[in-house]
Amino acid sequence: MSFPLLTATAALPAIGAVATAAVPAARRTTAKWLALLFSLATLVLAGIALARFEPGGARYQLTESHAWIKDFGVRYELGVDGIGVALMALTALLIPFVILAGWHDADPLETKSSRWRPTQGFFALILMVEAMVILSFEATDVFLFYILFEAMLIPMYFLIGGFGDRAHTGSDENAAAQRSYAAVKFLLYNLVGGLIMLAAVIGLYVVAGTFSLSEIAEARAGGSLSMATGTERWLFLGFFFAFAVKAPLWPLHTWLPNAMGEATSPVAVLITAVVDKVGTFAMLRFCLQLFPEASKWATPVIIVLALISIVYGALLAVGQRDIKRLIAYASISHFGFIILGIFAMTSQGQSGATLYMVNHGISTAALMLVAGFLITRRGSRLIADYGGVQKVAPILAGTFLIGGLATLSLPGLAPFVSEFLVLVGAFSAYPAAGVIATTGIVLAALYVLVLYQRTMTGPVKAEVQGMADLKVRELVVVLPLIALLLFLGVYPKPLTEIVNPAVQHTMSDVQKKDPQPEVEAAK
């Protein structure tokens, strides 16, 4: 039997989580290094999987299939297409930076009134999230995916509620209450979505008699499986609702600003750059592949919701006073672009959406982690508490600017390619939607440049006068992410070559072709 590479890639961080949690309480530094080493080893395995993936080969590669719960037809089935392997690699890439950025975030606090912060538990939970997210990108059994989709909520709940941001303006008791509120809200929203999805998963099994994506696809192609129109639409809605909560899509987005605002900056990156990608990925893998007719039926409404997310998220970002909540609302706007690209159902739109998932993960990680370094130094998340930082910490200010420019999709940085393709795809299928979506670009320039102006330029405030610039560990976190933004901004071909064949498979699932441009005949 060939080496189970996909299983190993997901199992390694899970083993690392157990090993890290087992380190004695007094040896916090050992636990940190152990977590970092396991995350780097996972990155190596993900890189091997990426290298072994053949873009022109079978749709699902590196496959594994074993019986799991025979009585219910549940199998342990794994396989990656171009989209799954790209997001798996993104997850494995970001986790070492998350661990390095949060190196001191779970160190014990000195004040007696502060909550206990078990360092080993913090890093073990991060690795456990990594394991579940990677496995969810690999799962080709619907029931297995559902288990992972729900299970990842547990470690995220404890990361948000138990390890909140120390830069809180209120008392310790108020900070703890805010963390608990954010964690419970995150859990309840996603649990409700998951329970609705569970009903749809059961309904799918009743109709199809299997949870296997490959078997369902074969049955549909062979004509042995057909769904009544009403049944397919209800099942689609059950799946889509859960994915829209996770994504998040307006109006199911309200948990995200609370969660990102109260979590530490590395955990905020884990939420929006890693975990939330499972929702948009699942729209491509499950909604469009399992329910193609229902997906086309729901497209007009979903596009309207995506446009609302784009404009609404950007408008609220403009009005924010809290740095982290501004980035959270910007992410809501960006997820609107991703969903718009998916449901425009053009090859450009879906390629752009997939690239957007990867590039948004890198750009948001860069911006949020630098923002976290800034907030840690000043002890405040409020924009008004900063000013003139570029004069005392020019490297910090410069990296913050590049992260912000990537967020507004400046040409030459990776997100520009993604946003351009999404807009091209949207314009070709729904011109009015494309026009409305462009307002998100204008608003993004506004909230990013105003944020930079208010925090980094102007007179140096007394509270930031002695602010230190980025240290070696922090530069190790930020500089590779900036390098990736620049590289993929000028040369996205390595990523597009992996993604495009998977997009063509998805287009075939929904039986859609790109609209042909109307060219007026020359007179």
Side-chain angles (χ1 to χ4, degrees), residues 1-14 41-68 74-93 130-149 210-222 274 277-278 280-290 292 342 347 350-351 353-355 357-358 361 488 492-510:
M1 186 177 65
S2 60
F3 180 70
L5 183 57
L6 296 186
T7 293
T9 307
L12 196 58
T42 303
L43 177 58
V44 171
L45 287 183
I48 294 172
L50 189 63
R52 289 183 57 186
F53 184 83
E54 299 178 6
R59 180 171 190 173
Y60 294 112
Q61 300 179 33
L62 308 175
T63 55
E64 302 172 32
S65 182
H66 308 282
W68 182 19
V74 180
R75 298 185 62 81
Y76 176 79
E77 284 193 347
L78 306 180
V80 287
D81 60 1
I83 300 168
V85 77
L87 292 174
M88 180 183 73
L90 170 70
T91 302
L93 172 70
E130 179 183 21
M132 292 178 181
V133 170
I134 287 177
L135 201 55
S136 70
F137 291 139
E138 301 171 346
T140 56
D141 182 277
V142 178
F143 190 81
L144 173 62
F145 173 83
Y146 170 76
I147 294 296
L148 298 164
F149 187 82
T210 180
F211 292 112
S212 171
L213 273 178
S214 59
E215 291 179 6
I216 294 173
E218 290 175 7
R220 275 185 173 276
V274 176
K277 298 297 186 299
V278 177
T280 47
F281 163 79
M283 291 178 189
L284 281 165
R285 172 165 284 190
F286 296 102
C287 286
L288 270 60
Q289 186 173 344
L290 292 174
I342 292 172
S347 59
Q350 292 192 356
S351 293
T354 304
L355 292 177
M357 290 186 231
V358 176
L488 293 175
K493 185 179 178 181
L495 194 54
T496 57
E497 285 183 340
I498 294 172
V499 165
N500 286 343
V503 167
Q504 293 305 319
H505 283 297
T506 305
M507 292 286 290
S508 177
D509 289 333
V510 293

Working to the nearest 0.5 angstrom, can you tell me the gap between [X] [atom1] and [Y] [atom2]?
X	Y	atom1	atom2	result
Leu93	Leu87	CG	CG	12.0 Å
Phe281	Ile342	CZ	CD1	10.5 Å
Ile134	Leu148	CD1	CG	11.5 Å
Thr91	Lys277	OG1	NZ	9.0 Å
Glu215	Asp141	CD	CG	9.0 Å
Leu45	Met88	CG	CE	9.0 Å

Which atom of [X] lies closest to which atom of [Y], heavy atoms considered:
X	Y	answer
Leu495	Val358	CD2-CG1, 3.9 Å
Glu77	Leu144	O-CD2, 3.9 Å
Glu138	Leu6	OE1-O, 3.0 Å
Pro13	Thr42	CD-OG1, 3.3 Å
Gly79	Thr63	CA-CG2, 4.1 Å
Pro501	Ile498	CD-O, 3.7 Å

What I'd like to find out is whether the side chain of [X] reaches to under 4.5 Å of the side chain of [Y], using heavy atoms alone.
X	Y	value
Leu288	Gln350	yes
Leu213	Tyr60	yes
Asp81	His505	no
Leu135	Tyr76	yes

Are Thr506 and Arg59 close enough, and set up right, to give a side chain to side chain contact (heavy atoms under 4.5 Å, CB included), and what steps lead you there?
CA-CA 10 Å; Thr506 305; Arg59 180 171 190 173; 4.1 Å; yes

Check: [X] side chain, [Y] main-chain N or O, donor-acceptor pair, under 3.5 Å:
X	Y	value
Thr9	Leu5	yes
Gln61	Glu54	yes
Glu64	Thr7	yes

For a quick check under 3.5 Å, do Ser65 and Arg75 share a side-chain donor-acceptor pair by atom type?
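Looking only at side-chain atoms, Arg75 and Ser65 do form a donor-acceptor pair, the distance falling under 3.5 Å.
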
Ring-plane angle category for Phe145 and Phe286, please: parallel below 30°, perpendicular beyond 60°, tilted otherwise.
tilted

